[in-house]
Amino acid sequence: YEIQNGYKTQKCLMFGEDVFALRQGCVYTKFEDKISLEYQKIMLLGVGFSKDAKNILMLGFGIGTMTTELMTEFPESKIDIVEINPKLPEVAEKYFDFKPGKNVRFFIQDAYDFVLENGHKKYDIIFLDVFDESYIPPQFLRKLFFESLGRLLSKNGVIIINTFSTSKTYTQETELIKFVFENSLQIKSSNRIIFAKKEIFGEGDLKLTNKARDRFEYKKYKNKFETL
C-alpha cells in the first residue's frame, strides 16, 4: 500500500489488512533516497564499526532496502540473507525495485535454525531484524541463540539488532545481550537499535564514507549513541 509522508510518498509492505500491523518495509517512491524508515538508517550506521567487512549476514530480509544499501557500500562483499518467507525476495523484486547482486545469497529457512547450524561460518557484520506479527519471536531471546550468534561473529565484527524502545521483554533483552557481548551500544527512537561487539568500542571507531554519512543521517544520530 502507499501512504503520504509529508511531500513524499511511501510504498510499504504489510501482511494482512490491519493498518497498525508491523510493516515489513517501506521505500520512498520518487526520490533517490529510498530509505524511509528511521530504524533502518540507524541500523545501517552500524556498518561503520566494521568498515572493511568481507562477509555480511542478514537475519530477516524485509523488502530489500537495506540489502541494496549494503551492496552499494560493500560492492565486493558477500551478503548472506536468511528469510523464512519464500515469497519476499520475489515481492521485493516485483514491487520494490530490488535487484540482487552477484554476491547475494538467499537461504529460505528459519533464522534461528540457520544460526544454530552454521557455527563454522564467520561474519563481519550481522543484522538481526526478525519479527512476527507482534514482536520478536521468543526463541530469538534465548541465551543459546545469542551464544550461537556470537560464534558467527568475526573478532572485529559487529552485530546490529532491531528491537523496540518499549516492550515487555526490554529488560530481558538488555541483560541477555550484556551477558553475551560485554561491549554494547544503543540508539533509542521509536525503535531501540543495539550494536554489540567482542572488542571494545573506541573513540573514532565509526568510519563511514561521505555518501553513507549523508544517506544514513550521521549528523542527526552521532551524539545519540549510549552504553547499553
What pairs with [X] under salt bridge (charged side-chain N to carboxylate O under 4.0 Å, His left out), at least two apart in sequence or on another chain?
X: Lys198; value: none
X: Lys78; value: none
X: Glu199; value: none

If you group Ile, Leu, Val, Met, Phe, Trp and Tyr by side-chain heavy-atom gaps below 4.5 Å, do [X] and [Y] land in one group?
X: Ile84; Y: Tyr135; value: no
X: Met58; Y: Leu37; value: yes
X: Leu59; Y: Leu152; value: yes

Is it true that atom NZ of Lys122 has more than 12 heavy atoms of other residues, nucleotides or ligands lying nearer than 6.0 Å?
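Atom NZ in Lys122 is packed in, count exceeds 12.
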Over 12 foreign heavy atoms within 6.0 Å of CD, Glu226
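Counting other residues, nucleotides and ligands, CD of Glu226 exceeds 12 neighbours.
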So, for [X] and [Y], which heavy atoms are closest and what is the spacing to 0.1 Å?
X: Lys188; Y: Ser165; result: CB-OG, 3.9 Å
X: Ile187; Y: Tyr221; result: CD1-O, 4.0 Å
X: Glu173; Y: Ser167; result: OE2-OG, 3.3 Å
X: Gly101; Y: Met71; result: N-SD, 3.2 Å
X: Ile63; Y: Ala92; result: O-CB, 3.2 Å

Nearest 0.5 angstrom please: [X] [atom1] to [Y] [atom2], how far?
X: Ile177; Y: Leu128; atom1: CD1; atom2: CG; value: 8.0 Å
X: Asn183; Y: Leu228; atom1: CG; atom2: CG; value: 11.0 Å
X: Thr163; Y: Gln186; atom1: OG1; atom2: CD; value: 8.0 Å
X: Ile126; Y: Lys121; atom1: CD1; atom2: NZ; value: 11.5 Å
X: Ile42; Y: Ser189; atom1: CD1; atom2: OG; value: 4.0 Å

For residues 137-151, which side-chain N or O atoms pair as donor and acceptor with protein atoms under 3.5 Å away, sequence neighbours left out?
residue : atom : partner : partner atom : Å
Ser148  : OG   : Leu144  : O            : 2.8
Ser148  : OG   : Arg151  : NH2          : 3.2

State, with a plain yes or no, whether a side-chain heavy atom of [X] is found less than 4.5 Å away from one of [Y].
X: Tyr123; Y: Leu153; answer: no
X: Lys197; Y: Ser50; answer: no
X: Leu44; Y: Met66; answer: yes
X: Glu175; Y: Phe179; answer: no
X: Ile161; Y: Ile159; answer: yes
X: Asp129; Y: Met43; answer: yes
X: Thr72; Y: Lys211; answer: yes
X: Thr209; Y: Glu73; answer: yes

Pairs under 3.5 angstrom only: tabulate donor-acceptor contacts from the side chains of residues 108-118 to other protein residues two or more places apart or in another chain.
residue : atom : partner : partner atom : Å
Asp110  : OD1  : Tyr112  : N            : 2.7
Asn118  : ND2  : Phe114  : O            : 2.7

Does a donor on one side chain and an acceptor on the other come within less than 3.5 Å for Ser154 and Asp124?
yes
Is the Lys NZ or Arg CZ of Arg192 less than 6.0 Å from the centre of Tyr170's six-membered ring, within 45° of the axis?
yes
Applying salt bridge (Lys or Arg N to Asp or Glu O under 4.0 Å), run through Arg215 and Glu69 and close with a yes or a no.
CA-CA 9 Å; Arg215 290 179 69 77; Glu69 295 294 333; 2.6 Å; yes
Full working for side chain to side chain contact (heavy atoms under 4.5 Å, CB included) between Val47 and Leu70
CA-CA 9 Å; Val47 304; Leu70 291 172; 3.7 Å; yes
Could you go through the side chain to side chain contact (heavy atoms under 4.5 Å, CB included) check for Asn162 and Ile193 one step at a time?
CA-CA 5 Å; Asn162 180 28; Ile193 307 304; 3.3 Å; yes
Using the side chain to side chain contact (heavy atoms under 4.5 Å, CB included) rule, take Ser184 and Thr227 through it: C-alpha gap first, then chi angles, then the decisive distance, then the call.
CA-CA 6 Å; Ser184 304; Thr227 302; over 6 Å; no
Determine whether Phe74 and Ile125 satisfy the following criterion, side chain to side chain contact (heavy atoms under 4.5 Å, CB included), listing intermediate values before the conclusion.
CA-CA 11 Å; Phe74 302 96; Ile125 302 175; 4.0 Å; yes
Could you list the residues that satisfy ring pair (Phe, Tyr, Trp, His ring centres under 6.0 Å) with Phe49, not counting sequence neighbours?
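So Phe49 forms a ring pair (Phe, Tyr, Trp, His ring centres under 6.0 Å) with Phe195, Phe201, Phe225.
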Per ring-ring contact (aromatic ring centres under 6.0 Å, His included), Phe61 is matched among Phe96, Phe127, Phe107, Phe98 by Phe98
Side chain of Asn191, backbone of Tyr39: donor and acceptor closer than 3.5 Å?
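Not at all, since once roles are kept as given, no pair shorter than 3.5 Å links the two residues.
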For the side chain of Lys222 and the backbone of Lys220, is there at least one donor-acceptor N/O pair under 3.5 Å apart?
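Side chain of Lys222 to backbone of Lys220: no pair is present.
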